[in-house]
Amino acid sequence: PMHRAKGDTALEAAAVGTAIRVTFFSGLFLALLVNLLTFSLRGLFGAGTTASSILSVLSILAFSLPFVLVTVALASLTLATQTARGNFWIRGVAEPIAMLLGLLAAALSGGGVIALAIAHVSASAVATAVALFVTARIYGGARLARAIFHAPHHRAMERFSLPLAVSELL
């Protein structure tokens, strides 16, 4: 982040923590919103209809939103530290392998589209865990934890992060 170049570690921590918190909570909010919407719409359709099945899948997939957004934020943080290998391991290796293994397991289980949706959410969570590990190795584990859990809120970073989080979903 630009605060790092200036040597302002407090502002850097605030910016990093705010970006990760904003992406996580906006993803969580969107997941809950999608679930509320699908729950409301499910009443319009009878059980066992195609529309009801699609809504069930969407409500499961919505839980991947916080994971996906945090993974992108963490990968971006590794790029901001001018370390491309972090982004490579997160987005280029861990994410696709987690998705492939999850989808393969779901396909082999014969659980249908619901199993595929659950596999997607699980793979997103695994990719986020790998992203946390890789980012902690590059950025510093204690430093990352302090930024996420203890740094003050940075309003300018919030205004910057929120539109990026939403655009990443599109």
Close side-chain approach of S56 and I114, heavy atoms under 4.5 Å: yes
Backbone of A151 reached by a side-chain donor or acceptor of R146 within 3.5 Å: no
State, yes or no, whether a side-chain contact exists between L58 and L37 at a heavy-atom distance under 4.5 Å. no
ILVMFWY cluster, L28 and F149 together (side-chain gap under 4.5 Å): yes
For G86 and V134, the nearest pair of non-hydrogen atoms, with its separation, is CA-CG1, 3.7 Å
Any link between I60 and L65 through a network of hydrophobic side chains (Ile, Leu, Val, Met, Phe, Trp, Tyr) touching at under 4.5 Å? no
Minimum heavy-atom distance A115-S109, with the two atoms named: CB-OG, 4.1 Å
Heavy-atom check, side chain of T78 versus side chain of Y139, under 4.5 Å: no
Once you round to the nearest 0.5 Å, how far does CD1 of I97 lie from CG of L104? 12.5 Å
Straight-line distance of S64 OG to I118 CD1, nearest 0.5 Å: 12.5 Å
Can you give me the closest heavy-atom contact between G102 and A119, atom names plus distance? O-CB, 3.1 Å
Set out, in order, the CA-CA distance, both residues' side-chain angles and the distance that settles side-chain contact (heavy atoms from CB on, under 4.5 Å) for S76 and V72, then state yes or no. CA-CA 6 Å; S76 298; V72 169; 4.2 Å; yes
Set of residues satisfying side chain to side chain contact (heavy atoms under 4.5 Å, CB included) with respect to R137, sequence neighbours excluded: F133
Closest approach of L116 to A107 (non-hydrogen atoms, all atoms of both residues): CD2-N, 4.4 Å
On a heavy-atom basis, the closest approach of A98 and A123 is O-CB, 3.3 Å
Min side-chain heavy-atom separation L101-V126 under 4.5 Å: no
In one Ile/Leu/Val/Met/Phe/Trp/Tyr side-chain cluster, 4.5 Å: F24, L144: yes
Between CG on residue L108 and CG on residue L103, distance to nearest 0.5 Å: 11.0 Å
Could you state the interatomic distance from CZ (F63) to CG (L30), rounded to the nearest 0.5 Å? 12.5 Å
L36 and F25: same hydrophobic cluster, using ILVMFWY side-chain contacts below 4.5 Å? no
Looking at side-chain heavy atoms only, is the closest gap between L44 and L41 below 4.5 Å? yes
What closest approach, in Å, do A127 and T71 show between heavy atoms, and which atom pair accounts for it? C-OG1, 3.9 Å
Say you draw a straight line from CG of L74 to OG1 of T128; how long is it, rounded to the nearest 0.5 Å? 7.5 Å
Does atom CZ (F29) have a neighbourhood of more than 12 heavy atoms from anything else shown, all under 6.0 Å? no
Distance col, row I90:CD1 vs I138:CD1, nearest 0.5 angstrom, shows 6.5 Å
Identify whether V70 and L77 are in the same connected component of the hydrophobic contact network (ILVMFWY, side-chain heavy atoms under 4.5 Å). yes
Side-chain donor or acceptor of T18 paired with backbone N/O of A15 under 3.5 Å: no
Quick one: are S26 and L69 in side-chain contact, heavy atoms under 4.5 Å? yes
The side chain to side chain contact (heavy atoms under 4.5 Å, CB included) partners of A94 (sequence neighbours excluded) come to V130
Mark yes or no for whether T135, through its side chain, and L132, through its backbone, hold a donor-acceptor pair below 3.5 Å. no
